[in-house]
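Heads up, the thing below is written out as structure tokens.
Atom set for the values below is all heavy atoms of this structure, side chains included, hydrogens, waters and symmetry mates excluded. Here is the naming used below: chain letters follow the sequence lines, and residue numbers restart at 1 for every chain.
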Amino acid sequence: MDSVVNALTVSLYEGLVFGLLSIGLFMTFRVLDFPDLTMEGSFPLGGAVAATLIARGGLNPLLATLVALFAGAAAGAVTGLLNTKLRITALLSGLIVMVGLYSVNLNIMSGANISLLRENTIFKMVGNALNISGIWLSIVVAAIAAAIFFFILRWFLQTEIGLALRASGNNEQMVRGMGADTNKNIVITTAIANALVATAGALIAQNQGFSDVGMGIGVVVVGLAAVIIGEALFRPRTITQILLAAFGGTFIYRLFITVALRVGMPPQDLRLVTAALVVLALAIPFARKKLAGEWLPPATRS
Amino acid sequence: MPDDKHIPALRMVDVSKIFARKTLDEVKALDGVSLDINEGDYICMIGSNGSGKSTCLNVIAGVFPPERGGKILIKDNDVTNLPEYQHAKYVGRVWQDPSVGTCARLTIEENLSMAVLRGRTRGLHKAVSKSRRTSFKEALEPLGMGLENRLTAPVGTLSGGQRQALSLIMATITRPVVLLLDEHVAALDPKTAQIVMELTDMVVHRDNITALMVTHNMEIALRYGSRLVMMHKGKCIFDVAGARKAGLTIPDLMKAFEKEAGEMLHDDSTLLVSAAG
């Protein structure tokens, strides 16, 4: 019984905090139709910036997290600008920035990692204020962060600018015909998405007590798995549903991984299992059509 | 200030467009076209494949600029080298493909919200407000398609004809200086095409919109509009308006074509005839 509650609470925390990353991924991959790999670098960037500012600069953890958010936005904006100003493809733009960020992150931390064990963090601040600790503390902080971004994004995506962003990923020709600058919209969206991802990185680093340059490896596939699960299970339509489905999908994915690890899956197989999960999720709709005898067009590269 | 009435809605001055320059496939799609579109003109632009009609619309819409030396003035504003999204301030457009003019993933009301903000700065106001919703219903009702009761339906669930009718409303809901119709009924089945064409005619007359409609179809070109422009090999070769336009027949058009193009009817012009049938 205890282990069930434990698995659920751990997954709930991770669902909320990694949910921010999933929403970031959703913004680029789904809303904008822009396969953005930047987040493999902006996730550890968030961790590196927050950890360095707290450990070396003694900055207030809240402020440090805010700076991490803007650092992520800047990284995302660079990807968007490479794509729109220099016409480098979306995939390559993200890849280039991701590779560059690896050195940036090493430079920020002056090394491969920074410990936060003896430092003040958002979690310790909230823990002292509310007199709670352990997993429930993690959940409360993650829930507050998730709620803040949920409400901001739910509002923003339904504003005039937000609507133009959503339309840009669907029909650029129409968006230009309606007088909106699609290039600008791409940069805004990649910036917002990576701001979310960096914030998730900053929070996770503070919760686990360290930031590591390698913590971003595989986050794109992990986020994709969560988004696909959310879409398949909840079939969201409205903005509210879409945002909630991202958190829900992340929670289910985390629960799956937690349970798999508890029943004896070796931790080194984690990413392989995730990769297989994504392949499965992407292949199911195709296989279903194939089995139904439907005609399918030749493979495309997009 | 000169009287607004005397400024043409749109002026094309010596506009040329060359594609695939300096290759074996070099084509002069537009060859020094000068055309004034006056306020209230309802022009049918006709021509065979490759005559330059679509290039003409694309240059006006700002999809690409004309060759150096050409000019596009909309209400005396030089828009020649402005990007497409800045032309949109003046130009409303309905494309041939219903999936281009509308956003499938967004709802009807979200699509219309994109449209009411054409040429305006987008801000952080709610995109679909109550007052906008009311005006959307009023705008959709005259279509007689029941779309006003389906404002929250994704546009992807509409038929091609419905999407094209919605496209038309989106292009005209904030009155454009010029409405561009790019063979906008050509991709529809004949019955739907007829309905959308009648709706177009109704909206253009009701709101007194200045329109430039490109068509392949001679019957449409004769039946609708107050002015007819014929394109051939990148040039305007025939331009009639008023009573002369109203009295035109298909044989007249063929004769004009032979005379102005200065050649016997060849393959591409027979295309024109068959499309009229």
Side-chain angles (χ1 to χ4, degrees), chain A residues 26-34 83-85 87 149 151-189 191-192 227 231 235-243 245-246 297 302, chain B residues 57-58 61-63 82-107 109-129 132 152-157 163 166-167 170-171 173-174 176 179-180 182:
Chain A
F26 181 86
M27 296 272 295
T28 45
F29 275 70
R30 287 290 197 260
V31 173
L32 201 58
D33 202 12
F34 187 111
N83 177 244
T84 55
K85 297 291 174 203
R87 303 298 151 94
F149 286 103
F151 285 111
I152 291 178
L153 284 172
R154 192 179 70 153
W155 161 76
F156 177 71
L157 288 174
Q158 299 189 73
T159 62
E160 295 168 354
I161 295 176
L163 181 63
L165 299 187
R166 283 154 60 207
S168 294
N170 194 199
N171 188 343
E172 287 197 37
Q173 174 92 68
M174 176 270 216
V175 173
R176 283 193 291 269
M178 293 305 163
D181 183 358
T182 44
N183 283 352
K184 194 177 81 186
N185 290 347
I186 288 169
V187 178
I188 294 176
T189 312
I192 293 176
V227 166
E231 285 175 342
R235 304 200 174 276
R237 278 193 50 212
T238 64
I239 293 297
T240 308
Q241 289 168 357
I242 284 169
L243 294 173
S302 63
Chain B
L57 282 204
N58 282 330
V63 176
L82 295 183
E84 185 181 2
Y85 75 93
Q86 288 183 23
H87 283 236
K89 186 173 170 190
Y90 311 101
V91 177
R93 189 169 189 193
V94 184
W95 288 265
Q96 180 174 352
D97 182 348
S99 60
V100 176
T102 51
C103 226
R105 236 191 276 158
L106 302 184
T107 63
E109 59 185 13
E110 286 170 337
N111 270 278
L112 284 163
S113 296
M114 285 295 295
V116 288
L117 292 166
R118 183 169 54 76
R120 285 203 275 155
T121 312
R122 279 156 229 266
L124 293 173
H125 301 284
K126 209 167 188 249
V128 185
S129 63
R132 277 190 190 148
T152 54
V155 165
T157 63
R163 282 180 81 161
L166 176 62
S167 241
M170 286 170 64
I173 194 161
T174 46
L179 171 66
L180 302 178
D182 190 1

Side-chain heavy atoms of A/Met174 within contact of B/Val100, under 4.5 Å: no
Of A/Gly179, A/Ala164, A/Gly162, the largest count of non-hydrogen pairs under 4.5 angstrom with chain B goes to A/Gly179
When the 4.5 angstrom heavy-atom criterion is applied to B/Ala115 and chain A, the contacting part is both
Here the gap from A/Leu163 atom CG to B/Leu106 atom CG, rounded to the nearest 0.5 Å, amounts to 5.5 Å
Tell me which donor-acceptor pairs, judged by distance alone and kept under 3.5 Å, run between chain A and chain B, one pair per line.
unit_1	atom_1	unit_2	atom_2	d
A/Arg30	O	B/Arg105	NH1	3.0
A/Gln158	O	B/Ala127	N	2.8
A/Glu160	N	B/His125	O	3.0
A/Glu160	OE1	B/Gly123	N	2.9
A/Glu160	OE2	B/Arg132	NH1	3.2
A/Glu160	OE2	B/Arg132	NH2	3.0
A/Ile161	N	B/Gly123	O	3.2
A/Arg166	NH2	B/Glu110	OE1	3.3
A/Arg166	NH2	B/Glu110	OE2	2.7
A/Asn170	OD1	B/Ala104	N	3.2
A/Asn170	OD1	B/Arg105	N	2.8
A/Asn171	ND2	B/Ser99	O	3.0
A/Asn171	ND2	B/Val100	O	2.8
A/Asn171	ND2	B/Thr102	O	2.8
A/Gln173	NE2	B/Glu84	OE2	3.1
A/Arg176	NE	B/Glu84	OE1	3.0
A/Met178	O	B/Arg122	NH2	2.4
A/Asp181	OD2	B/Tyr85	OH	3.2

